[in-house]
Amino acid sequence: MATRLQEKLEAKEFVITGEAGPPKGVNVKKALEEVEPLKDYLIAYNVTDNQASVMRVTSLVMSYKLIEKGLEPIFQITCRDRNRLAIQSEILSAYVMGIRNVLCLTGDHVVLGDHPEAMPVFDLDSVSVLQAVQALKNGKDLAGEDLDGAPTDIFQGAVVAPGADPLEPQLIKFDKKVEAGARFFQTQGVFSVGEWERFYKHAERAKVPVMLGIILLKSAAMGRFMNENVAGVNVPKSLIKRMAGVKKKDRPKVSIEIAAELIRKIRPMCQGVHIMALGWDKYIPDLLKEAELL
Amino acid sequence: MIVAERKPLDKIAGMIEPFEKVLIVGCGTCVAVCLSGGEKEVAELAEEFRLKTRMNGGKRVFGEYTLTRQCDMEYLDQIADVVEDYDAILSMACGAGVQFIAQRYDHKPVFPALDTRFIGVSMEAGTWSQRCIACSDCILDRTGGICPKTMCAKGLVNGPCGGTNHGKCEVNPETDCAWTLIYRRLEKLGRLELMREIQPLKRNHPATRPITIRHDSYKRFDG
Ligand code: SF4
Ligand code: SF4
């Protein structure tokens with residue numbers, strides 16, 4: 001059976017996804033309470049895999065906890081902490097637990113996280129994880145061995161950074177991910193229509209649904225920080241200036257306006273939005289209203 | 001070549017502390033070139049220990065000997081007599097040399113004076129840079145002569161991760177992203193199609209440790 005995400009994307013409907021980060025510690029209840037109120041707005045939640053190389057509850061268990069609550073997870077799996085045995089077995093295990101949407105990523109390097117002295121694995125990469133998923137769906141593993149029961153209904157996706165510099169190698173990798181079986185894409189946060197257009201001119205040829213990544217710009221300082229430090233994120237000077245002139249209490253309002261404008265303009269060129277609210281989840285309903293998505 | 005760096009003096013001092021007579025053995029090949037374990041560095045280290053000993057009013061003895069190579073039995077044999085005059089050996093070779101001298105003189109405690117860092121090249125005077133992790137399955141033919149297993153922090157073989165920031169690596173903003181370099185090189189060579197091919201899975205098993213190889217021309221002597 002297809003997931004809601006798959007159904008809607010394949011029916012060419014516009015979809016909205018968000019994030020549900022697993023906690024660092026066992027307080028899953030609180031993490032769930034934070035995301036549950038959004039269930040009428042979001043079709044599915046990305047569940048991150050030791051995001052930013054910070055050790056947490058696994059993506060698998062948190063994804064399962066969402067399912068228990070009737071929410072749909074997009075199970076993220078990265079190559080940082082596991083070799084090909086562990087990645088394939090994790091994907092099979094997730095399937096056994098009812099998880100169908102799988103987002104395949106390379107993952108950040110361990111030195112960026114809270115255990116910088118750990119061994120980084122990267123036995124596979126995002127392309128070969130997609131190949132692994134495709135093989136498993138066909139009843140074989142990466143070694144060509146037969147499976148006793150294939151996870152045929154996995155809906156696998158990948159990510160891409162439209163603002164990568166240089167862009168061309170990123171687009172080449174995008175094409176390889178499509179070739180390796182990616183059925184949908186979510187993008188890194190985008191802050192300008194021009195950047196999206198440049199990327200989309202290439203991406204639309206692949207005929208795979210692409211969801212626009214939206215990061216809520218909380219302040220001018222955050223914009224400057226991301227420009228310096230976050231790969232593939234380019235916040236135009238004009239937006240930073242706009243945020244700089246806003247009183248603290250009005251920042252959420254202006255931040256929503258900025259994101260909503262982008263969504264409205266890019267909407268004809270994408271098949272959904274993936275919202276990275278970074279703690280401002282409570283503003284998602286307002287954002288969707290302002291973006292004319294409700 | 002193999003590039004190594006000397007350990008801090010107090011670390012080395014701690015290892016050899018219990019021994020009165022220490023033979024410091026240098027290596028005249030890679031580590032001599034990268035200024036960490038050749039004849040000159042042996043002399044410097046011996047001098048530092050002698051000075052320390054004098055200051056403490058001690059009687060410890062530090063001998064010096066630099067071999068052409070420590071990764072070859074033929075050269076290790078040269079110090080068979082000298083070794084007997086000492087309680088311990090401090091090797092200034094790479095990790096391979098240290099182990100080989102420890103194997104040859106297994107009745108003497110042997111200590112490493114260097115940290116072996118990488119296989120690399122000489123960039124400019126005093127600067128060395130890593131180029132190969134000896135993966136045992138070279139793919140440089142497909143990557144424009146730039147090794148992604150070494151030069152990409154994640155060893156990715158299918159193109160850049162999402163961490164490329166203005167052509168630099170997410171791990172260190174001073175370091176070029178290997179895949180930006182590979183892309184530019186292949187573009188220059190007119191061979192970008194190589195980057196579009198999905199690469200076979202990394203073959204890790206040829207590098208299963210420890211590895212021993214035998215040159216074909218010698219196999220005829222094998223029974
Ligand atoms: S692929 Fe890289 S690590 Fe492997 S042998 Fe070639 S240069 Fe060395
Ligand atoms: S930024 Fe480039 S070099 Fe660094 S890990 Fe990613 S692909 Fe490799």
Side-chain angles (χ1 to χ4, degrees), chain A residues 52-53 78-80 83-84 105-112 116 120-132 135 142-143 158-181 186-189 213 226-234, chain B residues 133 135 137 139 142-144 146-188 190-209:
Chain A
S53 307
T78 69
C79 305
R80 176 192 51 235
N83 66 10
R84 64 192 79 175
L105 305 95
T106 301
D108 294 325
H109 198 281
V110 293
V111 300
L112 305 179
V121 181
F122 302 108
D123 179 29
L124 300 183
D125 55 47
S126 47
V127 174
S128 44
V129 177
L130 286 161
Q131 289 181 302
L142 278 178
V159 296
V160 59
D165 168 32
L167 180 60
E168 180 74 14
Q170 185 75 199
L171 296 179
I172 291 174
K173 194 152 184 188
F174 170 88
D175 291 342
K176 285 165 111 166
K177 290 178 182 183
V178 173
E179 189 186 336
Q186 291 175 329
T187 76
Q188 173 60 290
M226 288 196 296
N227 281 346
E228 280 289 308
N229 302 298
V230 182
V233 175
N234 309 297
Chain B
I133 57 166
C135 74
D137 184 30
I139 59 164
R142 285 173 261 155
T143 55
I146 297 169
C147 173
K149 297 188 192 179
T150 309
M151 308 302 282
C152 162
K154 298 174 188 168
L156 304 176
V157 295
N158 267 312
C161 72
T164 312
N165 209 3
H166 307 298
K168 300 293 174 183
C169 175
E170 71 175 25
V171 163
N172 180 354
E174 308 281 300
T175 309
D176 291 322
C177 165
W179 277 102
T180 303
L181 298 178
I182 293 170
Y183 167 71
R184 298 210 193 290
R185 176 77 56 82
L186 289 175
E187 189 183 34
K188 187 170 164 184
R191 303 199 68 194
L192 265 183
E193 76 281 356
L194 285 171
M195 202 167 151
R196 294 185 215 283
E197 284 167 25
I198 295 183
Q199 296 304 314
L201 296 181
K202 277 197 255 185
R203 294 171 68 240
N204 296 301
H205 70 281
T208 303
R209 300 184 296 258

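Here the structure is a predicted model, which means the values were calculated and not measured. Each chain gets a letter, A, B and so on, in the order its sequence line appears, and its residues count up from 1.
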Intermediate values then yes/no, side-chain contact (heavy atoms from CB on, under 4.5 Å), Thr164(B) and Asp165(A): CA-CA 7 Å; Thr164(B) 312; Asp165(A) 168 32; over 6 Å; no
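- Heavy atoms only, all atoms of each residue included: Asn165(B) and Gly232(A) are closest at OD1-N, 3.9 Å.
- For Glu187(B), no part lies near chain A; criterion is any non-hydrogen pair under 4.5 Å.
- By the 4.5 Å heavy-atom criterion applied to side chains, Asn234(A) and His166(B) are counted as neighbours.
- Asn83(A) meets the side-chain hydrogen bond (donor to acceptor under 3.5 Å, both in side chains) test with no other residue; sequence neighbours excluded.
- No part of Val159(A) comes within reach of chain B, as not one of its non-hydrogen atoms sits under 4.5 angstrom from that chain.
- With a 4.5 angstrom heavy-atom cutoff, Gln170(A) touches chain B via backbone and side-chain atoms both.
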Arg84(A)/Asn204(B) under side-chain contact (heavy atoms from CB on, under 4.5 Å): CA gap, chis, key distance, verdict: CA-CA 11 Å; Arg84(A) 64 192 79 175; Asn204(B) 296 301; 3.3 Å; yes
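- Side-chain contact check for Lys177(A) versus Asn158(B): every heavy-atom pair is 4.5 Å or farther apart.
- In this structure, CG on Leu112(A) lies 5.0 Å from CD on Glu170(B), to the nearest 0.5 angstrom.
- Here Pro160(B) is the residue among Pro160(B), Cys177(B), Gly162(B), Pro173(B) with the most heavy-atom pairs under 4.5 Å with chain A.
- A side-chain donor-acceptor contact under 3.5 Å links Lys154(B) to the backbone of Gly107(A).
- Heavy-atom pairs under 4.5 Å with chain B were tallied for Pro169(A), Pro166(A), Ser126(A), Cys79(A); the largest tally goes to Pro169(A).
- The greatest number of non-hydrogen atom pairs below 4.5 Å with chain B, out of Leu105(A), Val121(A), Val230(A), is found for Val230(A).
- Put simply, of Cys169(B), Gly159(B), Gly155(B), the one with the most heavy-atom pairs under 4.5 Å next to chain A is Gly159(B).
- Going from atom CG of Leu156(B) over to atom CG of Asp125(A) covers 6.0 Å, rounded to the nearest 0.5 Å.
- Of the atoms belonging to Pro120(A), not a single heavy atom falls under 4.5 Å from chain B.
- Interface check for chain B: of the options Gln188(A), Glu168(A), Lys176(A), His109(A), the most heavy-atom pairs under 4.5 Å are formed by Lys176(A).
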